[in-house]
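Keep in mind that this is a model prediction, so the values were computed, not measured. These values consider heavy atoms only, across backbone and side chains, with no hydrogens, waters or symmetry-generated copies.
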Amino acid sequence: MRQRIAEAAFELHATVGPAQTSISAVAERAGVQRHTVYNHFPDLGALFRACTEHGMRVTRVPEAAAWIGIDEPDTRLRHGLGELYAYYRANTRLIGNFVRDMALMGEIGGSEAFAERMTELFSALATGWPDNAATQRKRMAAIGHAMSYEAWRSLTDNGLSDSEAVDLMVRLVTTVANGETASGH
């Protein structure tokens with residue numbers, strides 16, 4: 001029953017978004033009464049945690065372990081962004097709903113597991129670059145930007161393919177990592 005309720009919440013988050021998902025709608029989609037939802041999930045945070053865990057399993061969020069085995073940081077970045085952008089492409093509506101609604105839902109919590117996964121992915125992509133204190137802050141910002149759903153969405157909405165977006169973001173990060181400026185100096 002608990003899994004069915006989490007699946008129903010996930011389906012609603014994917015179609016209408018977390019902010020528009022009510023306990024009544026979750027109960028109806030799961031084929032249970034509202035009190036059954038509350039028996040399994042005493043608050044929205046608990047329901048969101050279960051929904052997030054279910055969503056991470058079914059949408060196959062990339063995992064850092066596969067990336068860490070790639071020695072060259074720029075090759076790892078290219079591979080990682082390729083997987084991440086494919087994940088974004090496959091889950092555009094869900095992630096778009098989540099990003100749109102998080103400002104409204106921020107205090108409820110429940111998405112910590114996803115945030116932890118993204119932190120692991122960031123760490124995998126930020127590791128192994130030349131140890132240069134002068135460029136580290138900008139390199140980390142560039143990697144974070146390259147990983148963001150909003151950056152991917154902006155690039156692809158403006159006509160780039162996923163692979164072109166990866167190429168551009170890898171170029172941005174490697175340019176920063178090498179201490180170069182936009183003019184090449």
Side-chain angles (χ1 to χ4, degrees), residues 6-7 10-11 13-15 17-18 48-49 51-103 110-185:
E7 289 170 1
F10 174 75
E11 291 166 6
H13 288 182
T15 55
F48 277 27
R49 274 188 293 284
C51 174
T52 299
E53 290 167 8
H54 170 74
M56 288 176 66
R57 279 191 308 275
V58 300
T59 63
R60 297 186 183 114
V61 180
E63 295 189 23
W67 300 359
I68 293 171
I70 302 170
D71 291 332
E72 292 299 318
D74 56 335
T75 304
R76 183 180 330 112
L77 180 65
R78 182 174 302 285
H79 176 82
L81 290 178
E83 282 191 4
L84 191 60
Y85 291 179
Y87 170 77
Y88 291 161
R89 170 80 52 210
N91 298 285
T92 300
R93 185 171 183 184
L94 168 69
I95 298 168
N97 288 344
F98 181 79
V99 168
R100 178 197 68 213
D101 292 355
M102 281 325 297
S111 61
E112 297 86 2
F114 184 79
E116 285 177 29
R117 178 69 60 84
M118 294 303 286
T119 299
E120 291 168 8
L121 296 177
F122 176 85
S123 294
L125 296 181
T127 300
W129 293 90
D131 190 20
N132 182 342
T135 62
Q136 182 177 0
R137 183 179 61 85
K138 289 180 182 178
R139 183 182 70 241
M140 296 299 209
I143 292 169
H145 178 72
M147 287 182 62
S148 77
Y149 172 80
E150 294 90 342
W152 169 81
R153 186 72 190 253
S154 175
L155 292 171
T156 58
D157 281 355
N158 282 292
L160 295 185
S161 68
D162 288 351
S163 80
E164 289 172 322
V166 167
D167 289 343
L168 184 62
M169 291 295 97
V170 168
R171 184 167 181 185
L172 169 69
V173 173
T174 56
T175 298
V176 170
N178 292 328
E180 298 172 21
T181 63
S183 64
H185 299 106

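In this structure the side chain of Val58 reaches within 4.5 angstrom of the side chain of His54, judged on heavy atoms. Between Met56 and Glu53, every side-chain heavy-atom pair lies at or beyond the 4.5 Å cut-off. Side-chain contact check for Leu94 versus Thr59: some heavy-atom pair is nearer than 4.5 Å. By the 4.5 Å heavy-atom criterion applied to side chains, Met169 and His145 are counted as neighbours. Looking only at side-chain heavy atoms (C-beta outward), Lys138 and Val173 stay at 4.5 Å or farther from each other. For the pair Thr127 and Arg76, the minimum side-chain heavy-atom distance is below 4.5 Å. Under the 4.5 Å side-chain criterion, counting only non-hydrogen atoms from C-beta, Asn97 is not in contact with His13. Put simply, the side chain of Pro73 does not reach to within 4.5 Å of the side chain of Leu77, judged on heavy atoms.
Here Glu164 pairs with Ser161 under the side-chain hydrogen bond (donor to acceptor under 3.5 Å, both in side chains) rule; sequence neighbours left out. With sequence neighbours excluded, no residue forms a side-chain hydrogen bond (donor to acceptor under 3.5 Å, both in side chains) with Asn91. With sequence neighbours left out, the side-chain hydrogen bond (donor to acceptor under 3.5 Å, both in side chains) criterion links Trp67 to Glu83. Evaluation of the salt bridge (charged side-chain N to carboxylate O under 4.0 Å, His left out) rule for Arg78 yields Asp167 as partners, not counting sequence neighbours. Scanning for ring-ring contact (aromatic ring centres under 6.0 Å, His included) contacts around Phe98 gives an empty result, with sequence neighbours left out. Residues that satisfy the ring-ring contact (aromatic ring centres under 6.0 Å, His included) test with Phe114, not counting sequence neighbours, are absent from this structure.
Within 6.0 Å of the CZ atom in Arg100, the count of heavy atoms belonging to other residues, nucleotides or ligands exceeds 12. Within a 6.0 Å radius of CZ in Arg57, other residues, nucleotides and ligands contribute more than 12 heavy atoms. More than 12 heavy atoms of other residues, nucleotides or ligands sit less than 6.0 Å from atom CG of Asp157. Residue Arg89 qualifies as enclosed at atom CZ: its count of foreign heavy atoms under 6.0 Å is above 12.
For the residue pair Asp74 / Trp129, no side-chain donor-acceptor distance below 3.5 Å is found, with atom types taken as modelled.
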Evaluate the criterion side chain to side chain contact (heavy atoms under 4.5 Å, CB included) for residue pair Tyr87 and Arg60; output intermediate values, then yes/no.
CA-CA 8 Å; Tyr87 170 77; Arg60 297 186 183 114; 5.7 Å; no

*Run the numbers on Leu84 and Tyr149 for side chain to side chain contact (heavy atoms under 4.5 Å, CB included), then give the verdict.*
CA-CA 9 Å; Leu84 191 60; Tyr149 172 80; over 6 Å; no

**Asked** So Arg153 and Val99, side chain to side chain contact (heavy atoms under 4.5 Å, CB included) or not? Walk me through it.
**Response** CA-CA 11 Å; Arg153 186 72 190 253; Val99 168; over 6 Å; no

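Put simply, CE on Met147 and CG on Leu121 are 5.0 Å apart, with the number rounded to the nearest 0.5 Å. To the nearest 0.5 angstrom, Glu120 atom CD is 8.0 Å from Ile68 atom CD1.
The two residues Met140 and Ala126 have their closest heavy-atom pair at SD-CB, 3.6 Å. Residues Leu168 and Leu160 approach most closely at CD2-CD1, 4.0 Å, considering heavy atoms. Of all the heavy atoms in Asp162 and Thr156, the pair that sits closest is OD1-CG2, 3.4 Å.
Ring geometry for Trp152 against Tyr85 counts as tilted: the plane angle lies between 30° and 60°, on a 0 to 90° scale.
Here the side chain of Tyr88 pairs no donor or acceptor atom with the backbone of Glu150 at under 3.5 angstrom.
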